[in-house]
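Every heavy atom of this structure was used, including side-chain atoms; hydrogens, water molecules and symmetry mates were not.
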Amino acid sequence: MGPLSARLLMQRGRPKSDRLGKIRSLDLSGLELLSEHLDPKLLCRLTQLQELDLSNNQLEALPDNLGLSHLRVLRCANNQLGDVTALCQFPKLEELSLEGNPFLTVSDNLKVSFLLPKLRKVNGKDASSTYSQVENLNRELTSRVTAHWEKFMATLGPEEEAEKAQADFVKSAVRDVRYGPESLSEFTQWRVRVISEELVASSRTQVHEADSPEKPPEAEAAHKPRARLAALKRPDGVPLSLSPSKRVCASPSAQVEGGPVAGSDDGQPLLKLEPLHFLQCHSKNNSPRDLETQLWACAFEPACEEGVTSQTVATCGGEAVCVIDCQTGIVLHKYRSPGEEFFSVAWTALMVVTQAGHKKRWSVLAAAGLRGLVRLLHVRAGFCCGVIRAHKKAIATLCFSPAHETHLFTASYDKRIILWDIGMPNQDYEFQASQLLTLDTTSIPLRLCPVASCPDARLLAGCEGGCCCWDVRLDQPQKRRVCEVEFVFSEGSEASGRRVDGLAFVNEDVVASKGSGQGTICLWSWRQTWGGRGSQSTVAVVLAWLQWSPTELAYFSLSTCPDKGIVLCGDEEGNVWLYDVSNILKQPPALPAAPQAPTQILKWPQPWALGQAVTKTMVNTVVANASFTYLTALTDSNIVAIWGRP
């Protein structure tokens, strides 16, 4: 398709007219238009245009000066747009469609809400919930920029040039003022720059208006106490509403933090944590009365660069997968699949090359459950870009290989573990997965764990019938394999066949595993156990036992924070058990002693919902980010509990 012509516009415009100024609706979809084909000199003649469809083209940007001041409906789905700031030229826009633009992010969605105050619908959905997020973020950013301004101005000497100092302030604010998740950094930095420039402009006005000693309204408002953010806890049991999630609030009388447990090592300091948010974001039909949906798995998004810790967590349960910012409690994205029940989620990060040759980092989230399907979600753009029909029965768990970002293990109730290569997305941003290996199990696999020191060679799995290991090297000829070794954790015939429903590496050697009814978590050495293996059934070299709940109930998943030497596990009372095992990692005991008590137990805070305290629940899984600044616990009562370090 070449440049647009007046004749084409009149052919595709409505009502039919021989004058461009009479056209009110124009369909330019599916013409393979490039950005340079949108001629502002031609389009600005559409003085009465109210509806424009640019879907299914190849637009990477919209020109800044189209002159369509009466536009109320704009459709730009399925293009290559990478920025939305040009939309501010349409101040009367009420409906907007941006679906299928894979390089637009959550930040762009928030920008849209800020730039277009009259917008009612985005991608067919009500825009009001996004507006509330934008208001909260903007209020907090304004408060932080204002505080930074006061601190900055207090350090200036009288001899410093005002113009240069104010320019330096804008740079320092963009660099130093931080709030919200990494996924919103583009939006927050953009708003910080705008707020900073407005502050600088208001201060210049104040200096030049010698006859008006009062502070300008912006500066005056900045000194008022800011309103409490909706993202923070509220007292008195008032239900919070931040669509599409529901919140419950902490009971004022709740025990916020458990103390050291009798018998624990007094030399280990308490891990200071406090409850931040309680969300009902997986409710069936968005019902605030849903306290029954069971939540099963969560995972923190990979950090975008070294030295930066993620605070974005994905959670799953019922028919929904949610992506939540732990700092603000905002649900950044929610994916629903009616009829599904999600059991597991896993992240990977891919470097994708666009049609224009630019490199973009994609965070892809895999989610699976009852229907045996794996859905590959492009979280930033908010759509499902691939479905793998992986198993005929439910998928219990899945995980990506740490050695290959496109290799995905799925474990099913059909007693099979399959290794997939999801590949890289094609030009239509779709995945074509291929099957690499099939691993047969004798019982249902519950947890998957690539061996930390050789993730491309060995895979551990906790199963209903024990802990098993497979050879997953791809240079071996067999594409279907059986268990290579089964590990047991004590001598005797009764040790074999015990369920292992918790499994994770604490470092490259030490593994944490647990079952039900034993009241302990086992720490054992992979290196020593593997080196001393003999028959198919091998007794693990146990380093230590950790005291845990004696419950007979199963499927409480444990997790680890390897950088901090911490083991975590929930229980049937809603508590979170924390173990600092760094001393054991540094110097394992010669012989396993009596079970080590937890360093700390975080008691269930008894949040309020539906006018009453939720006094008891089960914490099915608990996961912390790499720096142990945030901890997310999932319950069987549809509550996501987020804890943070002050």
Side-chain angles (χ1 to χ4, degrees), residues 105-114 127-148 176-192 195 225-235 238-250 273-282 298-301 303-304 308-315 320-334 363 365 379-380 382 605 607 623-634 639-646:
T105 67
V106 176
S107 288
D108 293 303
N109 293 339
L110 297 183
K111 280 186 181 180
V112 163
S113 297
F114 196 88
S128 60
S129 62
T130 307
Y131 276 124
S132 67
Q133 292 183 20
V134 169
E135 290 172 0
N136 290 334
L137 284 169
N138 195 59
R139 187 185 301 117
E140 180 67 22
L141 289 172
T142 300
S143 174
R144 294 184 179 219
V145 171
T146 303
H148 188 71
D176 298 335
V177 176
R178 292 284 184 268
Y179 182 70
E182 180 65 28
S183 58
L184 299 185
S185 60
E186 182 186 348
F187 171 79
T188 55
Q189 289 181 8
W190 173 69
R191 282 302 303 147
V192 165
I195 295 168
R226 66 183 179 89
R228 176 180 286 258
L229 288 177
L232 301 178
K233 301 188 297 293
R234 294 184 180 176
V238 180
L240 305 180
S241 59
L242 180 60
S243 182
S245 67
K246 269 73 63 181
R247 298 166 179 270
V248 290
C249 64
L273 288 161
E274 60 183 27
L276 300 179
H277 313 286
F278 297 88
L279 299 95
Q280 286 176 271
C281 49
H282 293 265
C298 58
F300 277 88
E301 182 180 12
C304 61
V308 176
T309 300
S310 172
Q311 60 188 42
T312 305
V313 68
T315 61
V321 174
C322 294
V323 179
I324 304 167
D325 171 47
C326 290
Q327 183 183 44
T328 62
I330 292 175
V331 178
L332 303 173
H333 177 70
K334 186 172 186 176
S363 286
L365 181 66
V379 175
R380 296 288 185 272
V623 175
N625 63 351
S627 64
F628 203 73
T629 49
Y630 294 103
L631 181 153
T632 301
L634 303 188
I639 296 175
V640 178
I642 299 175
W643 304 68
R645 298 182 73 174

(request) Give the minimum heavy-atom separation between Leu365 and Val323, together with the two atoms involved. (result) CD2-CG2, 4.3 Å
(message) Are His148 and Asp176 packed together at the side-chain level, in the sense that at least one heavy-atom pair is separated by less than 4.5 angstrom?
(response) yes
(message) With a 4.5 Å cut-off on side-chain heavy atoms, are Gln189 and Arg178 touching?
(response) yes
(message) Using only atom types and a distance under 3.5 Å, with no angle test, would you say the side chain of Ser310 pairs donor to acceptor with the backbone of Glu301?
(response) yes
(message) Thr632: which residues meet the side chain to side chain donor-acceptor pair (under 3.5 Å) condition with it, sequence neighbours left out?
(response) none
(message) Using only atom types and a distance under 3.5 Å, with no angle test, would you say the side chain of Lys334 pairs donor to acceptor with the backbone of Ala320?
(response) no
(request) Check ring-ring contact (aromatic ring centres under 6.0 Å, His included) between Phe114 and all other residues, then give those that pass, not counting sequence neighbours. (result) Trp190
(request) Start with the C-alpha distance between Leu279 and Ile642, add both sets of side-chain angles, then the distance that settles side chain to side chain contact (heavy atoms under 4.5 Å, CB included), and finish with yes or no. (result) CA-CA 9 Å; Leu279 299 95; Ile642 299 175; 4.0 Å; yes
(request) Kindly say whether Thr142 contributes a backbone atom to a donor-acceptor pair with the side chain of Thr146 at under 3.5 angstrom? (result) yes
(request) Over all heavy atoms of both residues, which pair between Cys281 and Val331 is shortest? Give the atoms and the distance, please. (result) CB-CG2, 3.9 Å
(message) Please give me the minimum heavy-atom distance between Pro607 and Ile639, naming the atom from each residue.
(response) CG-CD1, 4.3 Å
(message) As a quick check of understanding, evaluate side chain to side chain contact (heavy atoms under 4.5 Å, CB included) for Asn138 and Ile195, giving each step before the final call.
(response) CA-CA 9 Å; Asn138 195 59; Ile195 295 168; 3.9 Å; yes
(message) For a 4.5 angstrom cut-off between non-hydrogen side-chain atoms, does Val379 reach Leu332?
(response) no
(request) Please report the C-alpha distance between Gln311 and Thr629 in whole Å, then the side-chain angles of each, then the deciding distance to 0.1 Å, and finally whether the side chain to side chain contact (heavy atoms under 4.5 Å, CB included) criterion is met. (result) CA-CA 8 Å; Gln311 60 188 42; Thr629 49; over 6 Å; no
(request) Could you pull out the closest heavy-atom pair between Arg144 and Val177, with the gap in Å? (result) CB-CG1, 3.9 Å
(message) So, applying side chain to side chain contact (heavy atoms under 4.5 Å, CB included) with Tyr630, which one of Ile324, Val623, Asn625 is it?
(response) Asn625
(request) List in chain and number order the residues that pass side chain to side chain donor-acceptor pair (under 3.5 Å) with Ser113, two or more places apart in sequence or in another chain; answer none if no residue qualifies. (result) none
(message) For the CD atom of Gln327 and the OG1 atom of Thr312, what is their distance to the nearest 0.5 Å?
(response) 10.0 Å
(request) Check whether any side-chain heavy atom of Phe187 lies under 4.5 Å from a side-chain heavy atom of Asn109, and answer yes or no. (result) no
(request) Compare every heavy atom of Gly329 with every heavy atom of His277, then report the nearest pair and how far apart it is. (result) NE2-N, 3.4 Å
(request) Kindly give the heavy-atom pair with the smallest separation between Cys326 and Val313, and that separation in Å. (result) SG-CG1, 3.8 Å
(request) Could you list the residues that satisfy side-chain contact (heavy atoms from CB on, under 4.5 Å) with Ala641, not counting sequence neighbours? (result) Phe278, Trp604, Ala633, Trp643
